[in-house]
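Worksheet: one structure, shown below.
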Amino acid sequence: MSEYSELKKIIQTNNSFVLTTHVNPDGDAIGSVMAVYHLLKNLNKEVRVINYSPTPYFLQFLDPEGVIEQYNSEIHPGVIISADVFMAIDFNTPSRLSRMSEDFNKRTGTRVCIDHHQNPQPVFDFLLVDTLAAATGHILYNFIENTKIVEIDYDIAVNLYAAIMTDTGSFRFERTTPEVHHIAARLIEKGVSPVNVYAQIYDQNSPGKLTLLGEILSSVKLFGENGEVGTVVVSADALKRHGIEEADTDGFVNFIMSIASVKIGLKFIEVTKGCKVSLRSKGDLQVNLLAAKYGGGGHKNASGIRLPSKHYYEVYDQLIEEAINMIKENEAK
Ligand code: 5GP
Ligand code: MN
């Protein structure tokens with residue numbers, strides 16, 4: 001049986017589902033989770049969406065009825081443990097569930113993973129994974145189209161479009177293939193407005209985000225013989241002064257990548273617990289390998305590391321050095 005028909009069978013033969021995505025969810029995370037929510041609701045299933053982190057304000061339009069619940073350790077463990085099927089969407093390791101992973105580990109029922117990241121952890125009963133997909137929303141589109149499990153209605157379409165648009169950097173990253181554009185076209189035919197989705201997600205900045213960005217951009221640092229590695233640091237103090245949350249800084253690392261000499265960009269951010277590093281690279285530099293050394297992961301050109309008990313300066317020099325070495329080794333090839 002193909003993976004598509006196997007997942008279709010899992011859906012058709014079960015009744016209660018818990019869906020979740022990773023901490024600090026992005027557009028692909030919320031869009032994919034909400035697309036699966038609507039798919040299952042259209043099949044009259046019992047569905048709960050429980051995420052560890054709140055939905056960032058610029059993605060709340062994807063959940064107008066507020067069906068996403070934020071994890072509460074007094075209410076949710078029972079549901080997470082006992083639902084017929086648990087679906088991990090847009091991530092592949094329980095560590096990205098934070099405390100929810102304790103409940104995930106206690107499950108005996110089916111655990112499904114739908115994702116496009118490298119190296120899924122061997123903890124799932126069923127995987128629908130395509131590491132070449134542009135987004136988890138891309139995988140979901142193909143699943144629905146192949147199995148015809150439901151008709152793609154507007155609610156599913158808008159979520160899949162948001163997922164694919166955000167994970168392709170608005171259709172400019174490497175995996176923006178003709179197929180991805182064809183899918184986007186079909187979703188637009190279902191009534192999605194590219195103008196609205198873009199504006200809802202990207203034109204929602206508070207003045208504080210721009211003033212913080214200004215401050216951050218003026219403190220970009222370059223390293224290596226020719227400025228091949230660029231860094232920015234977002235301190236907890238700066239977030240507080242500008243009234244900004246972590247998710248607002250998601251695109252900041254891309255500004256470093258616009259510098260011609262930069263091959264690897266690193267953004268360090270002080271979060272509530274420890275620090276988070278976002279790594280970006282150009283061409284065939286595999287920053288996911290660098291991230292993995294610190295317990296992180298992601299894609300070849302975009303990865304992340306979350307270090308709950310470290311200050312960013314404990315890894316700052318070392319990561320820059322390793323990034324420079326990676327570039328040198330790559331050039332020597
Ligand atoms: P970002 O830097 O935008 O948060 O994340 C870039 C990519 O790396 C995303 O695909 C994300 O899923 C992945 N990523 C971010 N943080 C982590 C992490 O702590 N662990 C793992 N395994 N992947 C991460
Ligand atoms: Mn994704």
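Side chains are part of it too, since the values below use all heavy atoms of this structure and drop only hydrogens, waters and symmetry mates. Since this is a predicted model, take the numbers as computed values, not measurements. As the structure lists them, so they are numbered: ligands from 1, and atoms in each ligand from 1.
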Tally of protein N, O or S atoms, where distance to the Mn ion (ligand 2) is under 2.8 Å: 4
Distances under 3.5 Å, N/O of ligand 1 against N/O of the protein: list each pair and its distance.
from     : atom 1 : to     : atom 2 : distance (Å)
ligand 1 : 2 (O)  : Ser278 : OG     : 2.5
ligand 1 : 2 (O)  : Arg280 : NH1    : 3.2
ligand 1 : 2 (O)  : Arg280 : NH2    : 3.4
ligand 1 : 3 (O)  : Arg280 : NH2    : 2.7
ligand 1 : 4 (O)  : Lys276 : NZ     : 2.5
ligand 1 : 8 (O)  : Gly297 : O      : 3.4
ligand 1 : 8 (O)  : Gly304 : N      : 3.1
ligand 1 : 10 (O) : His117 : NE2    : 2.8
ligand 1 : 10 (O) : His299 : NE2    : 3.2
ligand 1 : 12 (O) : Arg96  : NH1    : 2.9
ligand 1 : 12 (O) : His117 : NE2    : 2.9
ligand 1 : 16 (N) : Arg96  : NH2    : 3.4
ligand 1 : 19 (O) : Arg306 : N      : 3.4
ligand 1 : 22 (N) : Gly297 : N      : 3.3
ligand 1 : 23 (N) : Gly297 : O      : 3.2

Of all pairs that satisfy side chain to side chain donor-acceptor pair (under 3.5 Å), the ones with a partner from residues 191-207, not counting sequence neighbours: Asn205-Lys209
Linking I/L/V/M/F/W/Y whenever their side-chain heavy atoms sit closer than 4.5 Å, directly or via other members, would Ile269 and Ile305 fall into one cluster? no
side-chain contact (heavy atoms from CB on, under 4.5 Å) partners of Ala29, counting only residues at least two apart: Thr21, His22, Pro25, Asp26, Asp90
Decide side chain to side chain contact (heavy atoms under 4.5 Å, CB included) for His242 and Asp248; before the verdict, give the C-alpha distance in whole Å, the side-chain angles of both, and the deciding distance to 0.1 Å. CA-CA 11 Å; His242 295 273; Asp248 274 316; over 6 Å; no
Donor-acceptor pair, distance only, cut-off 3.5 Å: does the side chain of Asp125 make one with the backbone of Arg111? yes
Mind checking whether Tyr316 and Phe223 have parallel, tilted or perpendicular rings, split at 30° and 60°? perpendicular
Should the pair Glu174-Lys300 be classified as a salt bridge under the 4.0 Å nitrogen-to-oxygen rule? yes
Less than 4.0 angstrom from a charged side-chain N to a carboxylate O is my criterion; do Lys240 and Glu270 meet it? no
Paired with Ile11, the side-chain contact (heavy atoms from CB on, under 4.5 Å) test is passed by just one of Val85, Val36, Val112, Leu40, namely Leu40
